Amino acid sequence: MSTLAAPVSHLRENPFEVAREQLAQVADVFNLDANLVNVLGQCKKAVEVSVPTRRDNGSVSVFHGFRVTHNIARGPSKGGIRYHPDVTLDEVKALAMWMTWKCALMGIPFGGAKGGIVCNPKELSRDELERMTRRYTSEIINEIGPERDIPAPDVGTDANVMAWIFDTYSMNKGHSVLGVVTGKPITIGGSLGREEATARGALYCLREALRQQQRGFDGLTVAVQGFGNVGSYLARFLTQNGASVVAVSDSSGGLHNSSGIDIAAATAHKQETGALQGFRGADSITNEELLLVDCEVLAPCALEQVVTGENADKMKARIICEGANGPLTPAADEILEERGVLILPDILANAGGVVVSYFEWVQGLQEYFWKEDEVNAKLNDIVTRAFTQTWELSEHRSISMRMAAYGLAVQRVAEATTTRGLYP
Ligand code: GLU
């Protein structure tokens with residue numbers, strides 16, 4: 001048996017410390033009770049499991065997995081499962097806390113959770129991924145459930161992985177349990193519009209921000225970092241709406257063309273070759289260079305902590321739309337705030353995914369499925385309402401959009417906690 005060694009991490013700071021520090025700042029600005037902040041600053045439950053997995057060559061690799069619930073004051077906990085070589089318990093805890101705030105800001109009845117397995121899914125065959133996923137699911141089977149904790153896709157996982165989780169859970173219960181996981185394939189109870197939902201939510205959020213500046217997408221220049229579920233759909237939607245996507249990237253590197261990249265052609269190239277690199281319609285750049293290209297909007301849609309104290313003052317973008325969770329370090333945030341850059345924070349800009357996950361859960365519980373137009377219209381309502389509430393609070397209190405979003409969210413969770421009272 002082999003235990004896989006962790007590679008050098010993309011994380012520069014401990015994300016859970018960052019998340020706790022954010023909470024402390026919110027508590028300060030909104031004058032929150034110190035006892036409550038102590039409660040909200042910790043995760044309710046963190047489970048660590050080992051996931052022995054038979055490899056195709058007959059050997060066994062033991063992967064490390066986590067599932068963390070941050071808070072359930074407003075409903076069952078909700079959040080994705082991440083397959084990535086850099087996953088750590090503290091990263092999962094931070095992501096779980098952010099999910100609590102995200103669901104509260106959107107006004108959907110969930111708390112926050114997150115899960116992860118330390119692995120490189122690109123180096124695993126489909127069969128290996130399936131065996132690892134099923135074993136992980138069985139290790140956390142007592143933690144999850146439609147009324148308890150509901151996983152979903154995140155970095156490195158997709159609808160197939162959700163199908164295996166759904167099936168493993170259902171086989172153990174003896175019947176299909178649609179509500180145990182969201183982001184499922186449509187054929188087994190997924191929701192129309194779920195796959196594109198995170199990008200669509202980011203698009204709606206950016207549209208509202210532009211509306212405040214009396215402008216639209218036409219001619220807007222955008223750089224999109226990350227070409228996974230969020231970045232690829234966002235780049236596509238932006239071009240469909242008349243914006244010019246001047247740079248894109250995936251983990252293999254980036255592409256730049258100041259007159260705009262043909263996103264459909266770049267997507268086809270990626271589908272054919274497995275990477276954006278080598279696409280002829282643009283120049284090659286690195287992921288670091290992408291952050292600094294000349295553009296009006298930067299959408300970091302990959303991992304955390306890509307914009308830092310070192311590169312924040314060199315960025316040209318005037319709006320940042322956080323498609324990823326936690327893409328800015330606190331130092332970067334401060335520099336950009338000072339420079340007057342408008343930051344659309346993660347819990348607002350990338351919440352579309354969990355909003356449509358909520359719709360999928362509701363549809364599954366009712367066994368009654370909606371049309372795609374209905375899903376998108378309801379998503380639009382929720383994201384636009386959250387944007388407006390955040391914008392108004394930010395104006396009213398002269399605080400950043402991040403502080404306003406986190407302030408609204410944390411106060412909602414605090415209120416639910418106080419209303420329920422402390423058990424026993
Ligand atoms: N992983 C996504 C997020 O970070 C979606 C979570 C969900 O749908 O539950 O928001």
Side-chain angles (χ1 to χ4, degrees), residues 15 19 66-72 74-84 87 91-106 108-117 121 143-146 148-159 161-162 165-166 178-185 189-202 204-205 226 228-231 233-234 300-304 321-327 344-364 375 378-379 382-383 386 405 409:
F66 309 101
R67 185 70 188 172
V68 173
T69 289
H70 170 251
N71 186 280
I72 57 163
R74 300 182 63 262
S77 55
K78 185 85 193 81
I81 292 173
R82 175 171 293 205
Y83 287 177
H84 193 276
V87 167
E91 181 191 30
V92 177
K93 281 166 124 180
L95 290 162
M97 188 188 279
W98 289 330
M99 284 307 301
T100 301
W101 312 144
K102 199 185 293 185
C103 294
L105 181 64
M106 292 299 123
I108 57 176
F110 290 133
K114 206 82 174 194
I117 301 183
E143 311 307 323
I144 60 176
R148 204 176 162 89
D149 176 26
I150 306 128
D154 196 76
V155 174
T157 55
D158 59 12
V161 174
M162 299 308 117
I165 296 175
F166 162 68
L178 285 179
V180 68
V181 67
T182 60
K184 298 182 291 299
S191 174
L192 293 168
R194 173 61 184 87
E195 189 170 298
E196 307 87 341
T198 311
R200 199 164 263 133
Y204 294 154
C205 185
N229 171 268
V230 186
Y233 279 115
L234 181 60
C301 301
L303 293 168
E304 306 96 320
C321 180
E322 294 189 335
N325 292 310
L344 305 175
D346 43 11
I347 61 167
L348 178 62
N350 72 33
V354 74
V355 170
V356 178
S357 273
Y358 167 53
F359 299 159
E360 181 176 329
W361 179 74
V362 168
Q363 291 171 80
V375 169
K378 287 186 164 79
L379 170 64
I382 289 185
V383 171

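First listed ligand is number 1; within each ligand, the first listed atom is number 1. All values reported here derive from a predicted model rather than from experimental measurement.
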Practice item. Calculate, to the nearest 0.5 Å, the distance between atoms CG and CD belonging to Leu379 and Glu196 respectively. Key: 10.5 Å

Check your understanding: Going by the atom numbers of ligand 1, which of them fall below 4.0 Å from some non-hydrogen atom of Val354?
Key -> 7 (C), 8 (O), 9 (O)

Review point. How many angstroms lie between CD1 in Ile144 and CD1 in Ile81, if you round to the nearest 0.5 Å?
Key: 7.0 Å

Exercise for review: Tell me which protein heavy atom sits closest to atom 10 (O) of ligand 1, plus the residue, atom name and distance to 0.1 Å.
Suggested key: Lys102 NZ, 2.6 Å

Practice item. Tell me which protein heavy atom sits closest to atom 5 (C) of ligand 1, plus the residue, atom name and distance to 0.1 Å. Key: Arg194 NH2, 3.7 Å

**Study point:** Partner of Lys78 under side-chain hydrogen bond (donor to acceptor under 3.5 Å, both in side chains), chosen from Thr100, Thr69, Thr182
**Key:** Thr182

Exercise for review: Decide, yes or no, whether a salt bridge links Lys114 with Glu91 under the criterion of side-chain N to carboxylate O below 4.0 Å.
Suggested key: no

Review point. Just how far is it from atom CD of Glu360 to atom CE of Met162, taken to the nearest 0.5 Å?
Key: 10.0 Å

Check your understanding: Numbering the atoms of ligand 1 from 1, which are under 4.0 Å from a heavy atom of Gly80?
Key -> 1 (N), 6 (C)

**Study point:** Approximate separation, where rounding is to 0.5 Å, of Leu95 CG and Asp154 CG
**Key:** 6.5 Å

Exercise for review: Check each heavy atom of Asn325 against ligand 1 and say whether those closer than 4.0 Å belong to the side chain, the backbone, both or neither.
Suggested key: side chain

Study note, to complete from the structure: Here the gap from Asp158 atom CG to Tyr83 atom OH, rounded to the nearest 0.5 Å, amounts to 9.5 Å

**Study point:** Ionic contact status for Arg82 with Glu304, cut-off 4.0 Å
**Key:** yes

Practice item. Heavy-atom contacts with Met99 under 4.0 Å: which atoms of ligand 1 show up? List them by number with element. Key: 3 (C), 4 (O), 6 (C), 10 (O)

Review point. Taking the minimum heavy-atom distance to atom 2 (C) of ligand 1, which of Ala351, Pro153, Ser77, Gly353 ranks first?
Key: Pro153

Study note, to complete from the structure: So the atoms of ligand 1 within less than 4.0 Å of a heavy atom of Ser357 turn out to be 7 (C), 8 (O), 9 (O)

Review point. Considering only protein heavy atoms, which is closest to atom 4 (O) of ligand 1, and at what distance to one decimal place?
Key: Lys114 NZ, 2.9 Å

Review point. Against heavy atoms of Gly79, which atoms of ligand 1 measure under 4.0 Å?
Key: 9 (O)

Practice item. Could you tell me the residue and atom name of the protein heavy atom closest to atom 9 (O) of ligand 1, and the distance to it rounded to 0.1 Å? Key: Lys78 NZ, 2.9 Å

Study note, to complete from the structure: Counting from 1 in the order shown, the ligand 1 atoms closer than 4.0 Å to a non-hydrogen atom of Asp154 are 1 (N), 2 (C), 4 (O)

Study note, to complete from the structure: When distances are taken from atom 7 (C) of ligand 1, the protein heavy atom at minimum range is Ala152 CB, 3.3 Å

Exercise for review: For Trp361 and Pro146, indicate whether the former's side chain and the latter's backbone hold a donor-acceptor pair under 3.5 Å.
Suggested key: yes

